[in-house]
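All chains are named by letter (A, B, ...) in the order of the sequence lines, taking the proteins before the strands, and each is independently numbered beginning at 1.
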Amino acid sequence: MFETQSLFAESPLLQGLNAEQLAAVTLPPEPALILAGAGSGKTRVLTTRIAWLLQTGQVTPGGLLAVTFTNKAAKEMLTRLSAMLPVNVRGMWIGTFHGLCHRLLRAHWKLANLPQSFQILDMQDQLSAIKRLCKQHQIDEERYPPKQLQWFIAGCKEDGLRAHQMSPRDEDQRRKIDFYQLYEAQCQREGVVDFGELMLRCYELLRDQDAVREHYQRRFRHILVDEFQDTNKLQYAWLKLLAGHDENGRFVPAGNAVLAVGDDDQSIYAFRGARVGNMADFVREFEVQHQIKLEQNYRSHGNILEAANQLIEHNSGRLGKNLRTEQGAGEPIRVFEAASDFAEADWLIDEIKSLLAEGWSRQEIALLYRSNAQSRVIETALFRAGLPYRVYGGLRFFERAEIKHALAYLRLLDNPNDDTSLLRVVNFPPRGIGARSVEQLQDAARALGCSLHDAASSLGGAAGTKLSAFVAKIDVLREQTEGRTLREIIELVLQHSGLLEHYRADREGADRVENLEELVNAAESFVLQQGFGRDAVALPLDETAPAGPGLTQSPASQGLDPQAPGFDAASAVGSLGAWSVQPDSGETLSPLAAFLTHAALESGDNQAQAGQDAVQLMTVHAAKGLEFDAVFITGLEEGLFPHENSQSDRDGLEEERRLMYVAITRARKRLYLSHAQTRMLHGQTRYNLSSRFLDELPESCLKWISPKQGGWGTGLGRSGSGQAAAAAQPAWGRSGLGDSGRGGKEAAYSGAGSVPAQKSAPAHGIRVGMQVFHNKFGEGKVLTVEGQGDDARAQVNFPRHGAKWLALAIAKLTPV
DNA sequence: GTACGCAGTATTTTT
DNA sequence: TACTGCGTAC
């Protein structure tokens with residue numbers, strides 16, 4: 001059908017691809033959707049597609065746009081691509097949505113109505129800007145918590161809405177919208193943009209500036225989108241503009257070839273605005289003729305895949321996909337029921353130890369949990385056992401307080417109007433400028449209608465003197481750093497700001513001093529990487545392939561940006577000759593500005609414990625996109641996973657199920673699932689039922705295991721009944737392969753009641769032998785009652801569901 | 001301007 | 001439990 005396909009099918013690039021992958025890689029230049037299941041070689045297809053397009057001359061490096069969500073994914077793509085082709089990958093438009101938007105805004109800052117030196121607010125900065133605004137306008141922070149306002153504003157932007165476009169439903173919403181308006185004005189005044197604004201402002205640029213839009217539409221003949229199921233409304237609209245849809249969403253026939261790659265079953269970010277529905281919309285609006293499913297899984301053994309398939313079957317409205325593998329069934333999935341979260345952690349240690357003894361490697365073992373709070377118990381146990389581990393998530397390098405302080409000084413050099421940064425450091429290190437003085441400064445700035453920086457000289461008194469001195473210090477620093485290298489600038493700032501001195505004087509400041517020194521290193525390597533060094537020479541164009549047969553080449557698409565990605569306004573636009581579009585400034589961004597952007601857009605590694613060979617701990621969300629030989633999914637309990645906040649609506653529950661699906665499909669060879677009967681949560685002991693997701697897995701793939709005798713249960717000192725009962729009952733739980741269904745499971749530990757029988761009449765009025773009613777399980781007979789007060793629990797035998805342990809403080813049991 | 005203690009509140013997260 | 005934010009006391 002397509003000439004190019006047969007023509008280039010011999011390419012070594014295409015070796016080893018399966019039929020579907022090959023079809024995806026060699027699709028004709030038309031809109032297409034790839035449904036890529038977990039472990040189906042999605043990234044390989046994406047990068048091979050790019051390489052193939054380049055190699056066959058269907059597109060030049062400059063004519064291609066590839067979008068991802070994370071920097072990690074973008075980097076991965078670049079790395080693999082440069083391994084496949086001798087192409088200069090640096091100038092290519094491969095990056096995150098936000099990174100690419102940023103690049104466009106830098107190139108067209110005037111048309112986007114931004115100051116040239118605009119700065120990016122991260123979430124912390126955004127929140128403090130919001131808090132400041134709340135104070136200024138005397139907004140009741142009880143009724144309108146800043147966090148909630150932040151959420152609201154981000155949500156509006158994700159939907160592509162400006163304050164003036166919104167009509168309030170009620171008074172409450174009207175005030176939020178008003179606040180949104182105020183916030184926008186403040187950001188504009190201060191020359192800062194938040195993450196959502198990067199996207200929205202760029203969308204508006206493309207929507208409103210015909211010349212700019214048309215230029216890029218002509219340029220990017222091929223657009224590839226990774227993780228398409230995670231796109232939000234705005235990102236989809238942005239793609240439509242670039243692809244050749246007009247602002248009304250009408251399809252323009254000369255649209256570019258958009259290749260969307262995604263998996264509806266792995267959509268786990270609806271809570272932050274992702275719209276799986278974009279996949280169906282895409283098919284409809286782009287009149288997609290080519291849909292390819294990648295269902296061949298190269299990652300997991302059969303049992304694991306089967307479990308994943310069966311679980312996800314419980315969701316409705318799926319696009320429909322079933323993973324298959326050519327690997328054997330492999331081992332059964334091991335399921336473990338622990339008496340408590342502590343016992344669960346002890347069991348983890350035990351299993352990990354035997355895995356290690358069998359020769360599994362530590363970094364190939366992942367411990368997953370639904371929420372971060374669960375990591376603590378596990379960490380404690382790992383620590384005690386002396387097992388090296390690494391926790392994903394948490395503070396990242398550029399988010400550390402001392403680094404943010406240093407960056408704030410640096411930002412003030414570039415943009416003195418950045419009030420958020422000024423407020424961060426105006427009295428840090430302490431220089432006698434208290435809340436009172438800052439308030440006066442803010443009043444003055446408001447009265448004069450200028451930035452805090454400019455208002456400083458207008459104040460009299462002691463406060464005025466101190467503030468003027470601070471501002472003067474910044475201004476002097478700016479002059480001193482003129483024409484210096486980035487390294488010199490940062491070193492000067494660290495010295496003259498007093499930051500280094502301050503932390504050196506601090507008994508516990510050693511780590512922080514180290515981090516500040518690391519900042520200098522980070523800047524240094526950034527400069528080297530980006531070719532900002534003094535003798536940096538523009539790299540030659542690296543055109544590896546001639547123009548393809550009969551395929552249109554726009555003049556603009558021939559230019560491969562030789563400079564650093566994103567920071568050269570001229571190269572952002574491409575070779576301009578034939579086009580009316582000019583970048584707003586011929587100057588390239590200064591190394592400092594570029595570095596500040598880098599810091600904001602890539603908050604760095606969360607190098608908590610960078611131990612090379614360590615067990616990996618992370619939330620299920622963080623595990624997306626990763627894979628491990630052995631995976632433990634812990635805390636499989638109702639209320640935890642699925643999380644209680646998601647259980648009310650079906651969509652929420654289905655997202656939780658997809659989350660579980662993601663978790664399961666991380667495992668290559670061995671998968672463990674565990675839950676605990678009791679768990680400390682928010683300082684309270686909770687009795688959770690096992691997760692419904694366990695019930696939704698095929699029994700034939702599971703194997704219930706019991707703890708090793710005497711190997712655990714004593715290490716962690718919670719003087720709880722659960723622990724004691726478990727230790728006294730080495731044989732409880734089930735042994736060997738699963739009983740029929742979940743029914744008999746709980747009955748197996750009916751003997752756990754080694755707790756003294758009750759003497760006094762219990763307040764809850766539940767007694768052995770009673771018939772009771774439960775909302776979920778219906779009617780049942782009480783077998784055992786134990787514990788008192790909040791700890792009281794009962795074992796009830798339900799005809800349909802078998803015997804269950806229920807916490808009487810939580811479960812509503814009514815005598816029949 | 002800082003230090004302490006109390007109350008309220010708890011997902012998931014990238015850019 | 002553990003963290004944050006706020007108010008009070010020095």
Side-chain angles (χ1 to χ4, degrees), chain A residues 67-74 95-103 120-128 131 134-135 141-142 145-148 150-151 154 157-158 193-200 202 226-227 230-232 234-235 267-274 341 368-377 380 392-394 396 398-399 427-438 466 597-604 606 618-625 635 639-648 652 655-656 658-660 662-663 679-686 718:
Chain A
V67 204
T68 63
F69 274 88
T70 64
N71 290 306
K72 207 173 136 201
T96 63
F97 275 101
H98 294 84
L100 297 170
C101 283
H102 170 258
R103 196 163 168 176
I120 299 167
L121 292 187
D122 65 16
M123 294 224 301
Q124 273 178 59
D125 299 331
Q126 191 190 20
L127 189 62
S128 62
K131 281 180 184 167
C134 281
K135 293 236 164 63
E141 296 189 24
E142 297 271 276
K147 277 246 175 71
Q148 205 181 300
Q150 183 180 29
W151 182 256
K157 292 188 180 183
E158 276 156 9
V193 295
D194 60 45
F195 287 129
E197 188 70 24
L198 281 173
M199 245 355 278
L200 182 52
C202 185
D226 191 16
E227 306 277 16
D230 287 338
T231 52
N232 62 35
L234 178 60
Q235 285 158 339
S267 153
I268 54 173
Y269 287 111
F271 72 93
R272 64 174 202 220
D341 46 349
L368 308 185
Y369 35 81
R370 173 68 239 268
S371 66
N372 280 308
Q374 290 166 251
S375 77
R376 246 195 62 242
V377 178
T380 312
Y392 281 64
R396 283 169 306 180
F398 288 112
E399 290 168 356
N427 196 35
F428 196 93
R431 47 175 73 85
I433 301 174
R436 216 33 234 292
S437 313
V438 171
K466 283 178 183 163
T597 297
H598 168 77
L601 246 32
E602 296 185 46
S603 13
N606 23 14
M618 66 195 83
T619 63
V620 180
H621 281 94
K624 190 177 170 199
L640 248 192
F641 199 2
H643 197 275
E644 50 197 345
N645 297 0
S646 327
Q647 286 186 25
S648 47
E655 177 145 323
E656 294 285 308
R658 290 192 292 269
L659 204 46
M660 180 68 184
V662 168
R679 182 177 295 276
M680 277 295 245
L681 199 67
H682 311 323
Q684 276 189 325
T685 306
R686 303 192 7 173
R718 173 146 61 88

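- Taking atom OH of residue A:Y269 and atom P of nucleotide B:dT15, one finds them 10 Å apart after rounding to whole Å.
- Closest to the side chain of A:T96, out of B:dT11, C:dC6, B:dT15, is B:dT15.
- For A:H621, the ring-ring contact (aromatic ring centres under 6.0 Å, His included) partners two or more places apart in sequence, or in a different chain, are A:Y269, A:F271.
- The ring of A:F271 does not lie on top of the base of B:dT13; it is either too far (5.5 Å or more) or too tilted (30° or more).
- Remark: A:N372 is in phosphate contact with B:dT13, judged by side-chain N or O atoms under 4.0 Å from OP1 or OP2.
- Taking every side-chain heavy atom of A:T619 into account, B:dT13 is the closest of B:dT13, B:dT11, B:dT14.
- Defined by atom type and a distance below 3.5 Å, a donor-acceptor pair is present between the side-chain atoms of A:Q150 and A:Q126.
- Here the side chain of A:H621 is nearest to one of B:dG1, B:dT12, B:dT14, namely B:dT12.
- For A:A622, whose side chain is taken as the heavy atoms from C-beta onward, the closest listed nucleotide among C:dC6, B:dT13, B:dT15 is B:dT13.
- Here A:M123 lies in heavy-atom contact (under 4.0 Å) with a base.
- The side chain of A:R396 lies closest to B:dT15 when the candidates are B:dT13, B:dT15, C:dA2.
- A straight line from CG of A:L659 to P of B:dT11 spans 15 Å, rounded to a whole angstrom.
- Computed from coordinates, the A:W151 CH2 to B:dT14 P distance equals 13 Å when rounded to whole Å.
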